[in-house]
Enquirer: 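Here it is: the structure, laid out below.
Convention: sequence-line order gives letters A, B, ...; per-chain numbering from 1. Just the heavy atoms: all of them, side chains too, but no hydrogens, waters or symmetry mates, feed the values below.
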Amino acid sequence: MKIRPYGDTLNDGKIQLSFTLPLPCNAHGEETAKALVQKMGIHDVQIVHASPLNATFSFYIVYGTTHHQIDPTTITVTEIDSDTLTKSEIEAFIATHFDRPITFIGASTGTDAHTVGIDAIMNMKGYAGHYGLERYKGIQAINLGSQVENETLLEEAIKHNADVILISQTVTQKDVHIQNLTSFIELLEAEGKRDDFIVIIGGARINHALAKELGYDAGFGPKKYAYHVASFAVHLLKQKKDA
Amino acid sequence: MKIRPYGDTLNDGKIQLSFTLPLPCNAHGEETAKALVQKMGIHDVQIVHASPLNATFSFYIVYGTTHHQIDPTTITVTEIDSDTLTKSEIEAFIATHFDRPITFIGASTGTDAHTVGIDAIMNMKGYAGHYGLERYKGIQAINLGSQVENETLLEEAIKHNADVILISQTVTQKDVHIQNLTSFIELLEAEGKRDDFIVIIGGARINHALAKELGYDAGFGPKKYAYHVASFAVHLLKQKKDA
Amino acid sequence: MKLNLNQTQINRCRARAKTIADTIQTFIDQSTTVSVERTILRFLSIDGVNPLDVPYVNVITDHIIAEADLSLGVAHYLSLAIEDTGLTPQEIAQAIDQKQLSLKPYQTKTHPNHSLLYPTIEEQLNRVNKQRRIREKTLAENPKKSTPELYVIVATGNIYEDIEQALSAAHKGADIIAVIRTTGQSLLDFVPYGPTTEGFGGTMATQENFKLMRQALDDFTTSHQRYIKLVNYASGLCMPEIAAIGALERLDMMLNDSLYGIIFRDINMQRTFIDQYFSRLISAYAGITINTGEDNYLTTSDAYEHAHTVLASQFINEQFAKNALMEERFMGLGHAYEIDPNLENSFLYELAQAELSKAIFPNAPLKYMPPTKHMTGDIFKGLIQNALFNIVAVTSHQSIHLLGMLTEAIHTPFMSDRALAIDNATYIAKAFKDFSHEISYRPDGIIMNRANDVLHQAETLLKTIQEEGLFTTLEKGRFAGISRKLNAGKGLDGVFKKAPSYENPVMTRLIERLKEGNHED
Amino acid sequence: MKLNLNQTQINRCRARAKTIADTIQTFIDQSTTVSVERTILRFLSIDGVNPLDVPYVNVITDHIIAEADLSLGVAHYLSLAIEDTGLTPQEIAQAIDQKQLSLKPYQTKTHPNHSLLYPTIEEQLNRVNKQRRIREKTLAENPKKSTPELYVIVATGNIYEDIEQALSAAHKGADIIAVIRTTGQSLLDFVPYGPTTEGFGGTMATQENFKLMRQALDDFTTSHQRYIKLVNYASGLCMPEIAAIGALERLDMMLNDSLYGIIFRDINMQRTFIDQYFSRLISAYAGITINTGEDNYLTTSDAYEHAHTVLASQFINEQFAKNALMEERFMGLGHAYEIDPNLENSFLYELAQAELSKAIFPNAPLKYMPPTKHMTGDIFKGLIQNALFNIVAVTSHQSIHLLGMLTEAIHTPFMSDRALAIDNATYIAKAFKDFSHEISYRPDGIIMNRANDVLHQAETLLKTIQEEGLFTTLEKGRFAGISRKLNAGKGLDGVFKKAPSYENPVMTRLIERLKEGNHED
Ligand code: B12
Ligand code: B12
Ligand SMILES: Cc1ncc(COP(=O)(O)O)c(C=O)c1O
Ligand SMILES: Cc1ncc(COP(=O)(O)O)c(C=O)c1O
């Protein structure tokens with residue numbers, strides 16, 4: 001089974017694009033835009049709108065039909081495979097399987113000053129109607145806030161005997177988050193501490209596949225809340241304990 | 001010189017796309033969307049938004065970086081090469097070079113009921129502040145309206161001894177305009193009348209390149225007004241006369 | 001009242017419009033058309049097409065025109081033929097098609113026994129009535145919205161794709177689905193048959209397509225407890241026939257406007273006025289909301305300068321509907337948001353116009369059309385134009401809220417275009433929920449003055465129309481600047497002056513039932 | 001007045017805010033900071049960096065801290081050293097850097113001759129004043145808009161790309177260009193030097209970058225007869241220094257708010273209050289509009305529940321500005337459109353809040369921030385959110401209209417994002433031009449009640465703050481729910497209690513000039 005994008009007829013391949021070219025806005029710019037889109041394997045290219053951004057830049061809105069098709073059955077997804085539990089199920093799970101509270105320590109690291117995301121996961125109030133970890137029975141949640149150095153985070157994690165480290169990264173420009181996240185894993189490994197913690201990352205542009213790639217246990221993006229994170233963590237902790 | 005699209009740094013290749021897939025909205029749908037976009041030669045694919053349209057269709061908004069680059073100097077444009085004159089220049093041109101009024105006959109043909117475009121070119125009032133042909137000294141403008149059969153148009157053109165035939169086509173779904181325009185040229189040729197007229201087409205999705213491809217003398221799209229059309233026509237008529 | 005309008009002036013406009021419509025009614029009452037006659041045949045349960053795909057109802061009228069005289073009415077021929085042959089209407093049609101029967105001999109017969117026709121007609125009307133009651137019951141069971149009902153179109157050309165698109169729209173929150181017809185269908189002098197999958201810019205209006213879509217939407221209603229209304233287009237050469245099949249298949253709304261057909265489709269005015277009257281009687285009885293097409297004037301003429309033509313036409317359309325015994329709650333009079341966005345204070349003028357329509361027709365479920373003419377390939381700007389339109393729709397309490405598509409200037413809507421339109425309208429309806437109760441307009445301000453100006457201009461125009469007559473008005477091109485002649489245009493050859501003995505038993509029963517308020521089976 | 005507010009209550013709020021600010025002022029007057037001292041050195045014409053890229057102004061203060069005692073103030077050391085060595089301030093800085101000179105010996109000297117410093121200071125202040133007069137003259141020559149001024153950001157990280165983007169925005173109609181700083185610069189305790197091309201989410205604020213952008217915009221002004229205002233960010237550890245270089249390079253606006261730095265950047269509150277006072281004096285003198293950061297509270301706390309914290313903070317920021325002798329017309333107090341779009345009547349609440357700010361600070365050029373927190377990857381919805389924001393901006397007559405980007409949740413703006421934002425705002429400004437004069441709000445309606453509620457809550461909060469003191473308020477995390485400690489945070493080690501003999505000759509002259517209204521060269 002191969003599929004294409006859908007406009008109004010199955011597999012008609014219709015897509016919309018928009019972009020700017022460093023060219024004046026005129027017929028030549030439009031033709032260049034068209035040729036570029038054709039290079040992407042798109043035919044029936046319609047430049048439906050062209051407008052000058054200044055004398056040497058122009059913006060195009062384009063509709064076309066993509067040649068490309070894809071067999072969705074060949075696409076595999078790096079997804080978190082543990083079940084998602086509710087808050088009370090998680091609390092019960094902890095009560096059943098652990099004889100002590102689980103400690104989560106979290107921060108927004110590097111120069112990142114965004115705390116709303118990590119607060120959404122960790123603080124009492126939570127976000128969008130989902131309570132944060134602080135409110136979970138059996139969980140101790142320590143939120144170090146923002147702009148926390150990797151070294152400080154690790155020190156605090158050791159000091160508090162944390163089970164789970166949570167890192168939030170929101171600024172991703174020029175891949176500043178990749179650099180920062182990579183150096184935390186390197187730090188953990190250099191200190192021989194990688195196996196002491198479950199390490200989870202999150203943020204608007206983070207997903208599970210990226211987290212695995214960088215050597216983390218899991219990654220959570222938009223529309224993920226405390227219960228998602230806690231479900232994953234308690235399952236993995238139990239697994240570690242049982243192993 | 002090769003160029004790529006421009007986001008905020010020269011040749012950074014940034015583009016935006018959106019499309020629907022016939023798949024449920026979930027992580028697998030997103031990965032499939034991503035893989036499809038990668039097939040277009042786009043990397044750093046970010047699915048910034050995914051939403052369900054119903055149980056089996058999902059919509060994606062995507063940003064990415066296109067690999068493709070293009071050398072704009074290699075792009076040639078089929079553009080109308082005659083000078084564009086103003087209304088009074090055209091009137092003077094006609095007075096100088098012709099000893100009789102020029103007759104334009106026009107219609108919106110086939111099942112097409114859209115008249116605003118052809119009226120914009122032909123009627124007194126014109127459009128967007130540009131008078132129509134009817135107001136030009138030295139021009140006789142006959143507007144047959146909409147839903148005119150190709151046969152009728154040709155008959156009327158012969159009857160009125162027209163110099164220029166104007167055809168408007170607005171509905172383009174399933175290429176209905178291509179069929180209709182092709183059959184008018186075939187009709188002209190079958191009747192041996194192709195050289196008796198300058199034949200010009202226009203409409204929202206028409207451009208000069210398409211017109212040439214279909215065997216017309218010129219094509220005009222959005223933001224083209226009576227003076228563009230008349231400039232082209234009077235130049236070509238003079239050329240024909242001189243030849 | 002929000003706009004400080006002069007109620008006496010409004011009453012004067014209504015009175016003038018009534019005279020205008022009544023004059024046309026006199027003409028209508030003397031005439032019939034092929035389409036009216038075919039509609040009678042449909043109410044006699046004649047269905048299907050012959051081997052050449054000609055509907056049997058056309059077979060009969062073509063036959064009568066060729067061999068006899070249609071001005072006597074099909075009821076004349078059919079009642080005599082039934083009496084004579086003992087065949088059912090459907091069998092008669094087939095026999096005619098196979099040249100086994102001719103109706104010519106009945107031309108000169110008198111005193112046809114119409115009572116032979118009534119049982120089938122009653123049965124068909126009961127079927128219509130049953131559909132009406134299903135609609136009313138389902139609507140009553142489902143919660144009513146306080147914000148405008150969201151109306152979207154589907155137009156793939158393929159009824160099965162249309163269904164897919166319609167269901168997706170319903171999932172996203174649409175309340176009303178209109179299946180656009182293929183381009184040019186309104187000029188066909190017959191109704192195509194069966195399920196269809198090939199259309200340009202729309203899908204054939206056929207009874208089977210109506211049925212398929214109705215079923216799909218009813219299934220949605222069952223699973224989601226939300227009734228989705230279905231719309232199609234009656235205007236055109238087959239106006240009453242399509243109204244009839246719509247009534248039988250429980251469509252909920254019908255685009256139904258002669259003026260649209262005359263002006264934008266070059267349909268002969270005599271033909272379509274006659275057709276419109278019968279079609280509106282049918283819809284009035286079926287409880288189908290009609291939609292009129294005044295909005296279209298502004299796609300051709302400038303919306304600021306010609307706003308009053310819309311209002312004048314609404315007044316006239318209201319009287320046409322009243323003459324067809326239609327209740328106000330079924331009069332979806334049209335208007336539109338079509339002012340050039342480059343005009344300063346465009347939003348204020350649009351708001352004035354929308355409030356004005358609502359104030360003048362408070363009980364009519366106004367049909368409010370989105371920006372179309374000034375939509376461009378700039379889909380981002382288009383989305384904002386639609387948002388402003390949505391604000392006006394909510395603020396002025398419009399009823400039927402046709403959603404604008406960001407790709408209006410490009411193609412008939414993709415599934416995603418429609419979804420974005422619904423998201424847009426839903427967001428605005430929520431954000432502006434109580435806005436209209438919060439604000440009042442400045443006396444003598446731009447909005448009030450504009451509303452009063454438009455009303456004033458409409459009155460002047462109605463006066464002119466009353467004086468010259470609507471036929472002349474149309475000849476002069478006062479609506480949309482397009483002139484149409486009394487004796488030109490498509491379908492004129494299908495108009496017949498009724499013979500003295502002419503009878504339309506369907507119309508008779510419709511009027512009786514409507515007057516008795518008799519909706520019992 | 002549109003909202004029926006209680007003027008006595010507003011006056012009470014102002015009085016409370018004044019007490020709050022005055023209490024902090026007492027503390028400020030007793031203290032200085034490294035950044036204040038480095039600013040004095042900049043007014044002594046010390047410029048440039050040493051071979052290790054350390055600015056010479058930092059070389060001097062680091063040296064004094066290490067070897068002597070900064071609480072005497074740099075003016076003490078410099079005047080003695082000039083008298084002693086005959087060197088210029090710049091030469092002194094270089095000599096110190098090369099360890100050829102130590103200021104330690106002057107620590108114990110008394111009676112420094114400050115008059116040696118004044119000529120350079122006067123010269124620098126005259127330069128600032130000249131810039132102010134260029135701005136005022138050019139603005140006077142260009143036509144003034146009646147709709148809000150369109151403010152957009154550029155943030156490529158590379159000053160040359162920034163210029164490209166800024167010029168494109170100016171072409172599309174932007175009135176104000178803000179060059180966002182690289183992430184983290186506000187935590188640097190020095191101002192980087194020279195033109196820069198590497199930044200994350202923004203470009204270094206350096207004097208050379210200011211100059212390059214100013215020149216590019218001035219060229220645009222010359223060719224297009226439209227003055228484009230330039231903005232940068234002073235808040236942070238170098239607040240007064242950046243204010244100073246901004247004044248010298250003719251920036252027109254400066255983000256300048258201690259509360260922002262304390263809450264969102266964890267800068268020590270003592271440090272930044274002291275820095276803020278001096279920086280605002282500079283901006284007040286330079287005629288630079290400051291922008292405050294109350295809008296940011298609503299990106300962290302819920303915008304509906306915490307609207308009053310913004311208003312309370314605006315009252316306080318107004319008094320801080322007054323204490324720095326700033327005219328109201330330069331107080332760009334911040335607020336924002338940040339209510340969850342899922343809330344019913346969100347538009348009404350936003351309109352109420354915006355009208356409230358405008359009513360209370362009628363002479364301040366309010367800085368109105370677009371939706372950010374509730375922007376998502378759905379760029380189409382985002383565009384509409386921005387359109388609603390634009391409607392409120394125009395309707396409530398905001399002054400500084402920060403344009404929202406449809407890609408807010410995705411990346412710092414592309415050139416086309418900004419163009420679409422400008423198109424959006426331009427369209428709305430035109431369509432709604434006179435809307436505000438057309439409508440009035442229902443007494444006791446949702447809008448009026450909301451405005452009064454917010455004012456009431458703000459008064460209660462101001463009362464609490466007055467009672468507990470602003471330091472405690474911040475410790476308790478009453479703004480944005482973020483708690484900061486008096487003796488924690490970045491830059492505390494740069495705070496010094498003034499020695500009894502301490503003098504700041506730049507501040508002295510600024511205050512004198514401001515009080516005399518003396519802006520002559
Ligand atoms: C609020 C905000 C701010 C506030 C932050 C206040 C605070 N207390 O956090 C302020 C105003 C201070 C701010 C400042 C800046 N910001 Co900011 N900001 C935003 C904004 C508007 C919203 C972010 C947010 O709070 N979202 C809501 C939360 C709940 O969503 P979230 O973070 O994605 O979190 C969810 C998930 O991702 C997940 N999650 C998040 N973290 C974690 C961690 C773990 C362990 C787990 C499991 C899950 C998880 O769970 C959450 C709930 O589902 C975004 C734009 C936007 N709409 O996204 C820009 C944005 C993030 N900011 C941006 C920038 C550039 C800045 C500045 C650098 C600008 C500047 N140059 O001055 C500064 C400096 C900040 C810095 N150095 O970090 C850019 C980033 C661009 C990029 N992709 O790199 C954005 C995208 C805006 C833009 N388009 O330019 N910002
Ligand atoms: C107005 C309008 C109508 C009016 C027409 C009224 C009238 N008197 O013309 C009415 C309401 C009747 C109408 C009906 C329909 N319409 Co219509 N309509 C439009 C609309 C809103 C505007 C078109 C317009 O007038 N533009 C303004 C004029 C000035 O622009 P223009 O035509 O491009 O003309 C300029 C140039 O192209 C050029 N030009 C044009 N013609 C010529 C000719 C020559 C010789 C030259 C030199 C230049 C030239 O000069 C003009 C000035 O610059 C468009 C959507 C849109 N915003 O574009 C849909 C649209 C064109 N309609 C559409 C459709 C499908 C229909 C229907 C078929 C719908 C239906 N199924 O019922 C019907 C039937 C019409 C038919 N069979 O043709 C589709 C076409 C889709 C497609 N690409 O195939 C559109 C795009 C809407 C949509 N998204 O679905 N429509
Ligand atoms: C009243 C009315 N009828 C019919 C139509 C559609 O007609 P057609 O199928 O001829 O395009 C419209 C379209 O706008 C309309 O407004
Ligand atoms: C008042 C104020 N200052 C400064 C900034 C930016 O500071 P930074 O450069 O620390 O990101 C902001 C950003 O919103 C602000 O509102």
Enquirer: Looking only at non-hydrogen atoms, find the nearest pair between B/Arg205 and C/Ile410 and report the distance.
Expert: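 Closest approach of B/Arg205 to C/Ile410, heavy atoms only: NH1-CA, 3.6 Å.
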Enquirer: What are the two closest heavy atoms between C/Lys373 and B/Val116, and how far apart are they?
Expert: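 Nearest heavy atoms, C/Lys373 then B/Val116: CE-CG1, 4.2 Å.
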Enquirer: Is B/Gln173 reaching over with its side chain to a backbone N or O of C/His411, donor-acceptor style, under 3.5 angstrom?
Expert: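 Pair absent, no side-chain N/O of B/Gln173 close to backbone of C/His411.
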Enquirer: Nearest 0.5 angstrom please: C/Thr183 OG1 to B/Asp112 CG, how far?
Expert: 7.0 Å
Enquirer: Atom OG of B/Ser18 and atom CG of C/Asp417: how far apart are they, to the nearest 0.5 Å?
Expert: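 It is 8.5 Å, given to the nearest 0.5 Å.
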Enquirer: Output the distance between atom CG (C/Leu167) and atom CZ (B/Phe57), rounded to the nearest 0.5 Å.
Expert: 10.0 Å
Enquirer: Measure C/Arg265 against the heavy atoms of chain B and call it side chain, backbone, both or neither at under 4.5 Å.
Expert: both
Enquirer: CD1 of C/Ile263 to OG1 of B/Thr115: how many Å apart, nearest 0.5 Å?
Expert: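 With rounding to 0.5 Å, CD1 (C/Ile263) is 11.0 Å from OG1 (B/Thr115).
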Enquirer: Could you give the distance from CZ (C/Phe200) to CG (B/Asp175), rounded to the nearest 0.5 Å?
Expert: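 Result: 9.5 Å between the selected atoms.
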Enquirer: Quick check: are there more than 12 heavy atoms from other residues, nucleotides or ligands sitting under 6.0 Å from NZ of C/Lys485?
Expert: yes
Enquirer: Against chain B, work out which of C/Ser168, C/Gly157, C/Ala170 has the most heavy-atom pairs shorter than 4.5 Å and name it.
Expert: C/Ser168
Enquirer: By a 4.5 Å heavy-atom criterion (distance strictly below it), what part of C/Ile422 contacts chain B: side chain, backbone, both, or neither?
Expert: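 Looking at C/Ile422, nothing touches chain B.
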Enquirer: Per the side chain to side chain contact (heavy atoms under 4.5 Å, CB included) rule, which among C/Glu164, C/Lys172, C/Gln165 passes with B/Asn54?
Expert: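 Filter result, single survivor: C/Glu164.
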Enquirer: When heavy-atom pairs shorter than 4.5 Å are enumerated against chain B, which of C/Leu187, C/Thr376, C/Asp266 gives the highest number?
Expert: C/Leu187
Enquirer: Treating C/Ser416 as the side-chain partner and B/Thr20 as the backbone partner, does any N or O pair qualify as donor plus acceptor under 3.5 Å?
Expert: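 Absent.
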Enquirer: Using non-hydrogen atoms only, which part of B/Pro222 is less than 4.5 Å away from chain C: side chain, backbone, both, or neither?
Expert: neither
Enquirer: Which region of C/Thr156, side chain (C-beta onward) or backbone (N, CA, C, O), has a non-hydrogen atom less than 4.5 Å from a non-hydrogen atom of chain B, or is it both or neither?
Expert: backbone
Enquirer: Is it true that a side-chain atom of B/Lys174 and a backbone atom of C/Gly199 form a donor plus acceptor pair closer than 3.5 Å?
Expert: yes
Enquirer: Tell me whether B/Tyr131 at atom OH has more than 12 heavy atoms from other residues, nucleotides or ligands lying less than 6.0 Å away.
Expert: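 No, because the 6.0 Å sphere around OH of B/Tyr131 holds 12 heavy atoms or fewer from other groups.
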Enquirer: Can you tell me which portion of B/Tyr127 sits under 4.5 Å from chain C's heavy atoms? Options are side chain, backbone, both or neither.
Expert: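 Side chain of B/Tyr127 only, per the 4.5 Å heavy-atom cut-off to chain C.
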